[in-house]
Amino acid sequence: MQLKIPVAPADETMQLRVLEPGVLDGREEEPKPGGRGRRKAPRPSVRARFLAVVGARLAPFVPFLRRMRPRYPRPGRTDWRRWLPSWRQWLGVGGAAFGISSMFLTIAYATTDIPDDLNTFATQQDNVYFWSDGTPMARTGWVRRQAMPLKDVPEDVRWAVLAAENASFYSDPGISVSGITRALVRTVGEGDTQGGSTITQQYVKNVYLSQDRSLGRKFDEAMIALKLDNKMSKDKILEAYLNTSWFGRGTYGIQRAAQAYYGKDVSDLNVSEAAVLASLLKGAGLYDPSLSQANRDRAVERWEWILDRMVSIGKLSESERAKYTKFPEPLHQSNQYDTGKQSDYLVELAAQYVKKAANISDQEFDMGGYQIYTTFDKSRQTELTDAVTKARKEVKEDAPKKAETAHFGASSVAADGRILAVYGGPDHRRQGFNESNATTVPSGSAFLPFVYAAALEHGVVKERGGEPTPVTPQTVYDGNDDIPVTTPEGPYWDRGGDKVRSHNDGNKSWGQITLHDALANSVNTPFMQLGMDTGLDTVRDTAEAAGLLSSSLGAQVPALSVGSATPSAIRMASGYSTFAALGEHTEPYSVRKITHNGSKVALNTPKPKRAVGGEVARQVTEALTDAFRTDHPTSPGAASFEVAGKGGTTQDDKAAWYVGTTQDVSTAVVVYRIDLSKSLEPLPLDGIAGTPNSGVPYDIWSSAMSIG
């Protein structure tokens, strides 16, 4: 018996064969008779030439490639081992995978660019407004964020965050390989995503990428983080991270978080408070102690862990750690610094002013990050608001129907132009316009001081083209009622062909009266003629120089001298403050300083300009002082000779004013009626404002100015 060995089956895989020399050569063609003996060989095909070249170069590797070829089941093996690749195959596959992965990552890194545009929401901040004493007044913006330079963040605060989130921040390459691996395993194995990000990766996610939870976004995050780590310094990355992270309570950035949770700037935090804020980065909804007892328990546990972690990484001594045994309870949630019924008016004024004076566009301003230090005095604002609120309540009780259409505007302005307080209305959110800044109703006899100042400054002209004649407080004019207004050529005629006549309150005649006494007693008729003699253009120019807006002065007719102009309460107070400043006028302004993320912004603060001479201003103030003493002889201000002011009424009873000055602060108050549902035409007051010199406007003024 013979043992027959079966023939091995043919190899089923393609094998590279090295062609023998000459195989590709064409058959030589016999030369034709009579020819020149030239041979023509056919040109090899591209495929044939490629195989020839590649085959020759790969010939040495053919045996190795044959051994790498998987053969299943593997000969010489038994059981399940027959199906396992050899170590050479494992090595080959691993090497190929490593090479391909390295090439892919290298290409991905090279082709990844750091986006030029940051997420708008991630960089948007709020604007914070401050009272004149530097305490916070209000904030505006869609988000609560204020960027803070890293140099202003205490080192303990920084390391509390690093201990909680990324202790190896200053030594890692911007990514955590182990963290990314955990995230990938979790995502593939359980269908969700997991953390494991460095601070650099978290910053990239916050400001460059969307918040979707996917492997693609995670890969982009890692590539950008690597590149960012090579481009930016670690301190810059940390600063950006601290200013864009979410801390709960509507706050972004550690500065606003410090204010929201502890009512202080980040520079004033201690390490214990910083550890509480650092714990919020893991999820404010789970770690804000004010939300629930479970939250508080988690927050206390993580607070302790962060402080212990700081000790373990050498950033907090054990003796210092021992000081912090009591959990620093954050403040309860509040709408701290939000705008309100009255502060909305202040914010509106300040925002309008600062954008113009600092040359900031609406778009830039709306992106936030500005700290606006206003001129508003908190105590004066409170007193003025309380005074008007009380008056409104009393008017509503006395005349509820008329009170529905009553409006009150008021403002206090310092002699150097600072707007100290305004009353803009009962609620800015229900009433969109500011009554202290509205040019709605005539100024009436409150305008007389400007006519007086113009005459004292420039004199009068009795003949057309003649030289001006000086005027003094003792110059006498006709104070009788219903006297015609004259020009050098004769009576002044209106367009209807009637002589223009002037009238006094109550149609009272005063006879011949000095200009000083006429102003002190609010006698209109001398000033209507005085305006004509001085020149209405001169009166207008003087009123503008003192602070009234040209747009509010109206037509240049005789009625201008007795208050046809419609200035706002702010501008009337500003005009009277010019006299208190000895004739120098400073445009009213509401912002004294502005910074952007702590850096000072250039602000065009107005400078004083000469409106009238100092002696003229003093004479006007003397007449206004006598006006106050005459109308309020029992007031403490009358005895001090330091209060100057007068009431203002209109002949058609459309408005009631009181404007006065004390201690270099002027306040103007106006009361009027308008039914906004029907028209913008002022309605008669019908007695709701009281008497001209001791009614509602004066009561508000005296309360706001603390005049008994």
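Position 1 is the first residue of the sequence, and the numbers go up from there. Note that the structure is predicted; figures quoted are calculated from it, not measured.
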Colleague: Considering all heavy atoms of both residues, which atom of Asp653 and which atom of Gly687 are nearest to each other, and what is their separation?
Modeller: OD2-N, 4.4 Å

Colleague: For Pro488, does its backbone N or O pair with a side-chain atom of Glu463 as donor and acceptor, under 3.5 Å?
Modeller: no

Colleague: Side chain of Gln342, backbone of Gly425: donor and acceptor closer than 3.5 Å?
Modeller: yes

Colleague: So Met137 and Phe130, do their side chains get closer than 4.5 Å, heavy atoms only?
Modeller: no

Colleague: Kindly say whether Leu676 contributes a backbone atom to a donor-acceptor pair with the side chain of Lys678 at under 3.5 angstrom?
Modeller: no

Colleague: Relative to the ring of Phe628, is the ring of Tyr658 parallel (under 30°), tilted (30 to 60°) or perpendicular (over 60°)?
Modeller: perpendicular

Colleague: Under 3.5 Å, side chain of His585 to main-chain N/O of Ala546, donor-acceptor pair present?
Modeller: yes

Colleague: What heavy-atom pair brings Asp505 and Asn524 nearest, and what distance separates the two atoms?
Modeller: OD1-ND2, 4.1 Å

Colleague: Rounded to the nearest 0.5 Å, what separation is found between the CD1 atom of Ile372 and the OG1 atom of Thr140?
Modeller: 6.5 Å

Colleague: Is there side-chain contact between Thr566 and Ser443, with heavy atoms separated by less than 4.5 Å?
Modeller: no

Colleague: Is there a donor-acceptor pair closer than 3.5 Å between any side-chain N or O of Lys646 and the backbone N or O of Ser445?
Modeller: yes

Colleague: Salt bridge check: are Lys355 and Asp362 linked by an N-O gap of less than 4.0 Å?
Modeller: yes

Colleague: Going by an N to O cut-off under 4.0 Å, is there a salt bridge joining Lys378 and Asp133?
Modeller: no

Colleague: Has Thr650 got a side-chain atom pairing as donor or acceptor with Lys654's backbone, closer than 3.5 angstrom?
Modeller: yes

Colleague: Counting distance only, does the side-chain N/O of Ser679 pair as donor-acceptor with the main-chain N or O of Asp675 below 3.5 Å?
Modeller: no

Colleague: Determine whether Ile360 and Ile594 make a side-chain contact, defined as any pair of heavy atoms from C-beta on separated by less than 4.5 Å.
Modeller: yes

Colleague: Shortest non-hydrogen contact from Ala410 to Ser436?
Modeller: O-CB, 3.2 Å

Colleague: Between Trp657 and Pro442, is there a donor-acceptor pair closer than 3.5 Å when you use the side chain of the first and the backbone of the second?
Modeller: yes

Colleague: For Val620 and Pro449, which heavy atoms make the closest approach, and how far apart are they?
Modeller: CG1-CB, 4.0 Å

Colleague: Taking Arg540 for the side chain and Ser550 for the main chain, is one N or O donor matched with an acceptor at less than 3.5 Å?
Modeller: yes

Colleague: Could you tell me if the ring centre of Phe450 sits under 6.0 Å from that of Phe579?
Modeller: yes

Colleague: What are the two closest heavy atoms between Pro484 and Arg501, and how far apart are they?
Modeller: CD-NH1, 3.5 Å

Colleague: Are Tyr423 and Phe408 an aromatic pair, judged by ring center distance below 6.0 Å?
Modeller: no

Colleague: If you take all heavy atoms of Ala611 and Thr578, which pair is closest and at what distance?
Modeller: CB-CG2, 3.8 Å

Colleague: If you define the side chain from C-beta out and look only at heavy atoms, does anything of Arg139 sit under 4.5 Å from Tyr129?
Modeller: no

Colleague: Checking Lys508 against Asp481 for the side-chain contact (heavy atoms from CB on, under 4.5 Å) test, could you report, in this order, the C-alpha distance in whole Å, the side-chain angles of both residues, the deciding distance, and whether it holds?
Modeller: CA-CA 6 Å; Lys508 180 179 179 179; Asp481 185 64; over 6 Å; no

Colleague: Can you see whether Thr595 engages Gln371 through a side-chain donor-acceptor pair at a distance of less than 3.5 angstrom?
Modeller: yes

Colleague: Side chains of Gln381 and Thr385: any donor to acceptor distance under 3.5 Å?
Modeller: yes

Colleague: Test side-chain contact (heavy atoms from CB on, under 4.5 Å) on Trp701 and Leu384; report intermediate values, then the result.
Modeller: CA-CA 8 Å; Trp701 180 89; Leu384 183 61; over 6 Å; no

Colleague: Between OG of Ser561 and CD of Gln556, what distance do you get to the nearest 0.5 Å?
Modeller: 9.5 Å

Colleague: At what distance, to the nearest 0.5 angstrom, does CD of Glu348 lie from CG of Leu346?
Modeller: 10.0 Å

Colleague: Can you tell whether the side chains of Arg464 and Glu489 come within less than 4.0 Å, N to carboxylate O?
Modeller: yes

Colleague: With no hydrogens and no angle check, just 3.5 Å: does a side-chain donor-acceptor pair link Tyr477 and Asp533?
Modeller: yes

Colleague: Would you say Lys607 and Thr586 make side-chain contact, with heavy atoms under 4.5 Å?
Modeller: no

Colleague: Nearest 0.5 Å please: distance from the OG1 atom of Thr534 over to the CD atom of Glu457.
Modeller: 11.5 Å

Colleague: Just wondering, more than 12 heavy atoms not from Glu615 lying within 6.0 Å of its CD?
Modeller: yes

Colleague: Is a donor on one side and an acceptor on the other found under 3.5 Å between the side chain of Asp265 and the backbone of Ser267?
Modeller: no

Colleague: So, Ser666 and Thr661: side-chain donor and acceptor under 3.5 Å apart, yes or no?
Modeller: yes

Colleague: Under 3.5 Å, is there a donor on one side chain and an acceptor on the other for Thr514 and Asp517?
Modeller: yes

Colleague: Does the gap between the ring centers of Phe376 and Trp131 come in under 6.0 Å?
Modeller: no

Colleague: I'd like to know whether Val460 forms a side-chain contact (heavy atoms from CB on, under 4.5 Å) with Leu530, so could you lay out the CA-CA distance, the side-chain angles of the two residues, the decisive distance to 0.1 Å, and finally the verdict.
Modeller: CA-CA 8 Å; Val460 297; Leu530 183 64; 3.8 Å; yes

Colleague: Could you tell me if Thr667 and Ser412 have a donor-acceptor pair between their side chains, going purely by distance under 3.5 Å?
Modeller: yes

Colleague: Check whether any side-chain heavy atom of Val476 sits under 4.5 Å from a side-chain heavy atom of Ile513, and report yes or no.
Modeller: no

Colleague: Hey, what do you get for CZ (Arg618) to CG (Leu582), rounding to the nearest 0.5 Å?
Modeller: 9.5 Å

Colleague: Do NZ/NE/NH1/NH2 and the carboxylate oxygens of Asp626 and Arg629 come within less than 4.0 Å?
Modeller: yes

Colleague: Check the pair Tyr452 / His516 against ring pair (Phe, Tyr, Trp, His ring centres under 6.0 Å), numbers first and verdict last.
Modeller: CA-CA 9 Å; Tyr452 187 41; His516 174 95; 7.3 Å; no

Colleague: Taking atom NZ of Lys462 as the centre, report whether more than 12 heavy atoms of other residues, nucleotides or ligands fall under 6.0 Å from it.
Modeller: yes

Colleague: Report the C-alpha distance between Tyr576 and Leu624 in whole Å, list the side-chain angles of each, state the deciding distance to 0.1 Å, and finish with yes or no for side-chain contact (heavy atoms from CB on, under 4.5 Å).
Modeller: CA-CA 10 Å; Tyr576 273 55; Leu624 292 175; 3.9 Å; yes

Colleague: Can you confirm whether Asp478 sits close enough to Gln512 that some side-chain heavy atom of one is under 4.5 Å from a side-chain heavy atom of the other?
Modeller: yes

Colleague: To the nearest 0.5 Å, what is the distance between CD on Gln619 and CD on Gln474?
Modeller: 9.5 Å

Colleague: Answer yes or no: does atom CG of Asp494 have more than 12 heavy-atom neighbours from other residues, nucleotides or ligands under 6.0 Å?
Modeller: yes

Colleague: Quick check, are the ring centers of His428 and Phe433 under 6.0 angstrom apart?
Modeller: no

Colleague: Answer yes if the side chains of Ser703 and Asp386 hold a donor-acceptor pair under 3.5 Å, and no otherwise.
Modeller: no

Colleague: Quick one about Thr405 and Arg673 (side-chain donor to acceptor, distance below 3.5 Å, no hydrogens or angles considered), yes or no?
Modeller: yes

Colleague: Does a side-chain heavy-atom distance below 4.5 Å link Val413 with Arg418?
Modeller: no

